[in-house]
Amino acid sequence: MDLSTAYDALGADLQATLSLWLIVLGGLIVIVWDAFRERDALIPVFAGLILVGAIVWDLFQLTAEPATAFYGLIRTGGFAAFVNLLLEVSALCTIVLSVPYLKRIGKDYAEVYGLVLFAVSGMMLLGAANNLVTIFVGLETMSICLYIMAGLVREDEGGIESALKYFLLGAFSTGFFLYGIALLFGSTGSMYLAEIGHAASTSTSAMYWSGVGLLLVGFLFKVSAVPFHMWTPDVYQGAPTTLTGFMSTASKAAAFASLILVLFYAVPYEKWTLAVAVIATITMVLGNLVALSQRNVKRMLAYSSIAHAGYVLVGIVAGSAEGYAGALYYLLVYTLMNIGAFGVLALMEWDNESGRTQSLDSLAGMGYTRPFIGVAMGVFMFSLSGFPPFGGFLGKYAVFAPAIKAGYTWLVVVGVIASMVSAYYYLRVLYVLWMKDSTDPAAMSNDKRVALTVPASSTAVIGFCAVLLLVFGVYPEFLQMAVDFFSPSAVSIAP
Amino acid sequence: MTPQFLFFCLAIVAITAALGMLIARSPVSSALWLILNLFCVAGLYLTMNAQFLAVVQVLVYAGAIMVLFLFVIMLLNVAALPSVRDIDWRLGVGFVLGVALLAQLSYAIASSTDLMPAEVSLESTVATGSVEVVAKELFTRFAMPLEMIGVLLLAATIGAVLLARRVSPK
């Protein structure tokens with residue numbers, strides 16, 4: 001390539017990926033700002049405004065023509081904008097919910113907001129990647145930030161354990177991932193997804209399939225599918241609750257988006273589906289069954305998030321445009337549900353002792369003292385279990401219907417049975433919230449309950465998530481939009 | 001012929017050094033074996049005409065990372081580490097023979113399938129390993145990931161400081 005024109009091209013690409021650079025720049029400013037004025041109350045406001053700016057930009061990009069930037073390393077336009085929006089909304093909600101929560105647990109370091117922004121930039125790279133190098137750099141940027149967030153509560157032994165476990169297992173999965181990339185490059189001679197797919201469509205070698213397998217291990221670890229899920233419950237339980245919400249939604253959405261791109265572009269369809277279908281089955285079954293026996297609400301939601309990864313995999317197994325779009329749509333709905341649910345849990349964590357353990361009994365009777373929270377939690381729980389008027393139902397329909405069309409009826413039967421089982425533990429939370437007596441000896445004393453204040457910002461975010469879930473439950477515009485991302489005209493862009 | 005000869009010499013020394021690292025009794029000599037291993041790998045890169053990679057290997061691994069290793073070893077109480085029991089030489093011979101057999105078998109299996117990498121002439125690799133070529137690729141085609149790695153390293157540094165900072169009283 002010619003060096004004299006290279007920098008003009010790079011400059012033009014900077015504009016095409018404006019939201020990414022806005023967020024990186026915002027993160028840098030947050031870090032420097034905090035160095036001069038520690039714990040300035042305006043820092044989270046600034047970080048939120050940066051995200052709002054990025055959201056506005058990506059809303060306009062939703063209808064843009066798909067293209068690539070930076071020598072084909074990253075994609076722009078529809079699909080990328082959709083994933084970016086999802087990540088940015090998740091980060092924005094997390095930041096708003098985190099401000100009062102982190103202050104209450106005495107961890108209101110402004111660096112956390114910088115790390116959230118850096119993590120989002122990594123996820124945006126991961127979710128819109130067109131090249132294995134981009135995927136790897138994005139994955140690592142995201143992971144490093146998440147390891148730090150998991151270990152934020154150092155006084156808590158569970159927190160340290162979770163961070164260390166996450167870090168060590170994550171390092172191993174990165175090793176697998178990198179080895180997979182090396183094998184794919186070695187067997188096809190390219191790092192670009194479409195070129196790999198092109199080379200694989202004519203002939204595939206054992207080296208190629210080893211590479212795909214190792215790459216899948218790395219991805220399935222990040223989305224916590226079942227043989228690679230061991231870190232999830234501990235990490236979700238040990239991390240600060242609002243940041244757990246961020247981890248369970250944004251990082252999963254980015255990893256799934258990237259997995260969809262890799263499977264869609266770089267791997268011939270027929271060969272991998274059965275393996276992924278088996279993983280989806282055991283993920284749904286095990287996630288839901290173990291969630292049944294959890295006493296701790298955060299841990300229960302961790303197993304539920306494993307189960308939801310299984311549902312998304314069902315959509316991916318279908319392998320059609322509708323299936324991939326369904327998976328994307330499910331991620332959108334799932335993000336809203338989980339951010340909201342963890343946001344509610346964060347509000348109910350009123351002291352460090354029993355808040356951290358967060359047993360079901362400690363929530364008893366909260367529906368009457370805080371009716372808004374109780375109703376919102378009701379929306380999230382019904383939606384998570386997939387009841388009709390809410391987004392969760394349409395999401396499940398969007399992943400299950402294409403799988404039936406692709407001939408995976410048995411998989412969908414397992415999925416439907418699993419989600420019926422899941423209704424038991426989701427609705428048990430509501431039962432405890434609304435029907436159990438708050439004077440239960442295991443519950444908190446009343447004066448502590450009164451001392452629990454609900455900031456208006458958190459109310460707004462939780463209300464926003466609940467209302468959007470209702471809207472997405474009856475208005476499938478986004479689903480249709482996601483289908484268009486995989487239409488032949490959108491797919492044909494060069495690497 | 002010379003490059004192949006060099007390759008085998010360096011590879012044998014590298015494997016020996018790796019074994020030496022595993023069975024050395026003192027952590028410090030383990031670290032020294034590791035340095036030898038890393039230098040040999042750098043030499044391997046040189047035989048494949050990847051000069052830049054070789055220099056980076058020496059600078060980063062044999063230089064920076066090894067210094068870190070040695071620091072950690074010095075900070076640990078070496079005497080308190082669990083003692084290593086004597087290595088039975090018969091086991092050692094058995095191990096070497098086993099590795100040789102495994103290498104032979106895996107070569108046989110690999111060459112009967114399509115796992116063996118294609119032969120690449122040395123002349124064709126000359127153009128790809130120099131600093132100029134690497135730098136040009138790095139600052140044009142891969143400029144974006146390179147910048148993002150900057151963000152990654154910054155996040156890691158901040159995280160290290162954040163996690164290591166003194167716990168402030170509430």
Side-chain angles (χ1 to χ4, degrees), chain A residues 1-3 5-7 9-10 13-14 17 20-21 24 27-28 31 34 69-74 105-107 109 111-112 114-115 117-119 121-122 125 131 133-134 136-138 140-145 147-149 151-152 154-155 160 163 186-187 191 203-208 210 352, chain B residues 41 44-45 48 50 53 61 65 106-121 124-125 127-170:
Chain A
M1 64 199 67
D2 191 7
L3 275 183
T5 60
Y7 288 96
L10 288 177
D13 288 342
L14 276 184
T17 52
L20 174 66
W21 302 116
V24 169
L28 293 176
I31 298 297
D34 182 58
F70 296 110
Y71 300 98
L73 288 185
I74 190 168
I105 63 169
K107 294 282 165 198
Y109 306 127
E111 285 94 343
V112 175
L115 287 174
L117 291 181
F118 288 149
S121 66
L125 223 56
N131 184 299
V133 174
T134 325
F136 185 70
V137 172
E140 276 308 279
T141 311
M142 170 183 102
S143 306
I144 294 276
C145 295
Y147 301 151
I148 299 160
M149 290 178 197
L152 206 59
R154 261 194 310 163
E155 299 79 10
I160 303 174
S187 61
M191 291 278 202
S203 70
T204 55
S205 58
M207 189 150 101
Y208 171 82
S210 324
N352 272 340
Chain B
V41 175
L44 284 179
Y45 289 143
M48 289 176 245
L53 208 56
Y61 283 95
I65 291 182
S106 45
Y107 180 82
I109 292 169
S111 52
S112 66
T113 62
D114 51 2
L115 280 171
M116 292 294 278
E119 295 269 337
V120 180
S121 76
S124 73
T125 62
T128 58
S130 68
V131 186
E132 287 88 350
V133 181
V134 173
K136 200 173 164 189
E137 281 286 299
L138 211 54
F139 287 100
T140 53
R141 184 187 294 279
F142 294 106
M144 195 266 300
L146 187 72
E147 296 301 317
M148 283 306 290
I149 288 175
V151 172
L152 196 168
L153 293 177
L154 178 67
T157 319
I158 294 164
V161 175
L162 189 65
L163 291 183
R165 100 158 108 196
R166 188 178 297 153
V167 179
S168 56
K170 285 199 187 140

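Every chain is numbered from 1, with letters handed out A, B, ... down the list of sequences.
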Checking heavy atoms, do the side chain of [X], its backbone, both or neither come under 4.5 Å from chain A?
| X | answer |
| --- | --- |
| Ile158(B) | side chain |
| Ala155(B) | both |
| Leu154(B) | side chain |

What residue, out of Leu20(A), Asp13(A), Ile31(A), Ile74(A), has the most heavy-atom pairs lying under 4.5 Å from chain B? Ile31(A)
Give me the atom names and distance for the closest heavy-atom approach of [X] to [Y].
| X | Y | answer |
| --- | --- | --- |
| Trp21(A) | Met148(B) | CZ3-SD, 4.1 Å |
| Phe142(B) | Val133(A) | CE2-CG2, 3.9 Å |
| Leu10(A) | Phe139(B) | CD1-O, 4.1 Å |
| Leu152(B) | Glu140(A) | CD1-CB, 3.5 Å |
| Gly151(A) | Leu163(B) | O-CD2, 3.4 Å |

State, yes or no, whether a side-chain contact exists between Leu162(B) and Leu115(A) at a heavy-atom distance under 4.5 Å. yes
Ser143(A), part contacting chain B, at a heavy-atom distance under 4.5 Å: neither
Structural part of Leu14(A) lying under 4.5 Å from a heavy atom of chain B: neither
Qualifying residue, where the test is side chain to side chain contact (heavy atoms under 4.5 Å, CB included) with Met144(B) and the options are Asn131(A), Leu125(A), Thr17(A): Leu125(A)
